[in-house]
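Notes follow once the structure below has been shown.
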Amino acid sequence: MPERIQCEFFLLRYVPDAVKNEFVNIGVMLREAGRIETTRVRFTRDWSRVRCMDPDADTALLEAMEGEIAGRVRDGGYASKPAMQLLEESLSTSVQITEVRGALAESMPAELEQLMRLYVEPMREKVSRKKSGRASIAASMRSEFERAGAWDLMRKRIAASQYTRAGDPLKLDCGYRSAALVRMFQAVSLEGDLEAAKVLAFSVDRLRVGVRKVEAAELDLAAIVEPLKLVAGDGGEAEDRYRFGVETMEEQGLRVLTVNDLSRVAETARRELLV
């Protein structure tokens, strides 16, 4: 049997009211024992339990924390700092960290998945409904980028306002800079809500101009949609709406890809980010 890796892990908890001290586990931080540079961070992808406890929870901020911690670890920003100080600098006052715990792992990725199942999402398969629409597409997108090893290196929830104008509420799911291109990806469901497709098509020209100005690069914006067969069924109105959404975006120069293309897209990201 291969020698197991001695690891340390911490649980990250959302605590909206310090007086009540009620909490929900939202993530795991795992590292090889004594080696902070090996730290891996994973937050939940399902915020339903957080919203149940605190309907006003800023889940966008919580999602952003995962990338911030991973980025600072990768850049050496936490060298020689204890875990508690690490989180005090990175996280909000409503997020707490447990004491360190030990574990023996066959591999770091497998152990991280196991810890997430044990402590963060133990009831997920029993109580959650199957994701559909945009949520399902976004989850598939993240999974493929993670599998390729590119997700932690990508920007998430990119504010369009930095390229268009103040007040623009649009946020792009993820993206990265590659040579002379800025690649961005947005999950768009054509199953029922065509407004998202129209908003993205309306925004792309301003985004291109802004990216040229701010990044001195060209924009490659891809909309990730579900396959037609999952929407159209027997054809008719659903198929017409689907084709309208695709054509509306393509007419504005957007690349329209389906979730079936994600493995190829993620592999390209891996090559471009890990050069």
Side-chain angles (χ1 to χ4, degrees), residues 1-15 23-47 49-50 59 61-125 139-157 174 176-177 263 266-267 269-275:
M1 293 181 63
E3 185 176 353
R4 290 178 175 264
I5 305 168
Q6 187 171 352
C7 299
E8 302 169 337
F9 72 92
F10 308 80
L11 299 180
L12 305 175
R13 293 174 169 175
Y14 181 70
V15 187
F23 66 85
V24 174
N25 290 336
I26 61 170
V28 173
M29 186 166 66
L30 174 69
R31 69 189 184 199
E32 293 183 29
R35 297 184 59 196
I36 196 169
E37 72 277 6
T38 65
T39 301
R40 295 170 181 245
V41 183
R42 175 73 60 81
F43 277 27
T44 184
R45 302 180 194 176
D46 182 355
W47 297 99
R49 291 199 297 164
V50 168
T59 55
L61 176 63
L62 295 174
E63 288 176 349
M65 289 177 185
E66 178 183 5
E68 180 182 350
I69 295 174
R72 292 185 63 180
V73 169
R74 185 173 60 251
D75 297 337
Y78 293 137
S80 75
K81 291 186 180 181
M84 188 62 71
Q85 184 179 351
L86 176 157
L87 288 173
E88 287 175 351
E89 293 178 356
S90 300
L91 303 182
S92 72
T93 56
S94 59
V95 176
Q96 297 179 0
I97 181 174
T98 66
E99 295 295 326
V100 63
R101 306 181 188 185
L104 290 176
E106 294 183 1
S107 72
M108 294 288 282
E111 186 66 17
L112 190 58
E113 293 290 343
Q114 175 71 1
L115 292 171
M116 287 292 292
R117 286 194 296 269
L118 285 173
Y119 294 105
V120 181
E121 297 168 342
M123 301 296 292
R124 183 177 179 183
E125 293 183 1
S140 297
M141 193 160 61
R142 173 170 177 167
S143 294
E144 288 297 335
F145 283 127
E146 283 182 336
R147 187 173 293 111
W151 180 255
D152 287 344
L153 302 176
M154 299 174 71
R155 297 165 57 195
K156 290 89 174 178
R157 292 186 59 79
C174 58
Y176 64 92
R177 173 71 184 261
S263 60
E267 178 60 24
R270 185 194 68 79
R271 291 198 306 269
E272 294 181 336
L273 286 168
L274 299 178
V275 291

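By convention here, the first residue in the shown sequence is residue 1. Not measured: the values here are computed from a predicted model.
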Which atom of Tyr176 lies closest to which atom of Ala269, heavy atoms considered: OH-CA, 3.4 Å

Separation between CG of Leu30 and CZ of Phe10, rounded to the nearest 0.5 Å: 10.0 Å

With sequence neighbours left out, the residues meeting side chain to side chain donor-acceptor pair (under 3.5 Å) with Ser107 are none

Sequence neighbours excluded, which residues qualify as side-chain contact (heavy atoms from CB on, under 4.5 Å) partners of Phe23? Arg13, Val15, Asn25

Among residues at least two apart in sequence or on other chains, which ones pass side-chain contact (heavy atoms from CB on, under 4.5 Å) with Ser143? Arg45

Roughly how far, to the nearest 0.5 Å, is CZ of Phe145 from CD of Glu267? 11.5 Å

List the residues meeting side-chain contact (heavy atoms from CB on, under 4.5 Å) with Arg157, not counting sequence neighbours, and say none if there are none. Ala60, Glu63, Lys171

Could you list the residues that satisfy ring pair (Phe, Tyr, Trp, His ring centres under 6.0 Å) with Phe9, not counting sequence neighbours? Tyr119

Less than 4.0 Å between a side-chain N and a carboxylate O, is that true for Arg101 and Glu8? no

Can you tell me if Thr39 uses its side chain to pair, donor with acceptor, with the backbone of Arg31 under 3.5 Å? no

Decide side chain to side chain contact (heavy atoms under 4.5 Å, CB included) for Cys7 and Met108; before the verdict, give the C-alpha distance in whole Å, the side-chain angles of both, and the deciding distance to 0.1 Å. CA-CA 8 Å; Cys7 299; Met108 294 288 282; 3.6 Å; yes

So how far is it from Glu32 CD to Ile5 CD1, rounded to the nearest 0.5 Å? 5.5 Å

SG of Cys174 to CE of Met141: how many Å apart, nearest 0.5 Å? 4.5 Å

Could you tell me which residues satisfy side chain to side chain donor-acceptor pair (under 3.5 Å) with Arg42, sequence neighbours excluded, listed by chain and number? Glu113

Got a salt bridge between Arg142 and Glu146, using NZ or NE/NH1/NH2 to carboxylate O under 4.0 Å? yes

Go through the structure and list residues passing side-chain contact (heavy atoms from CB on, under 4.5 Å) with Glu144, not counting sequence neighbours. Arg147, Leu262, Ser263, Ala266

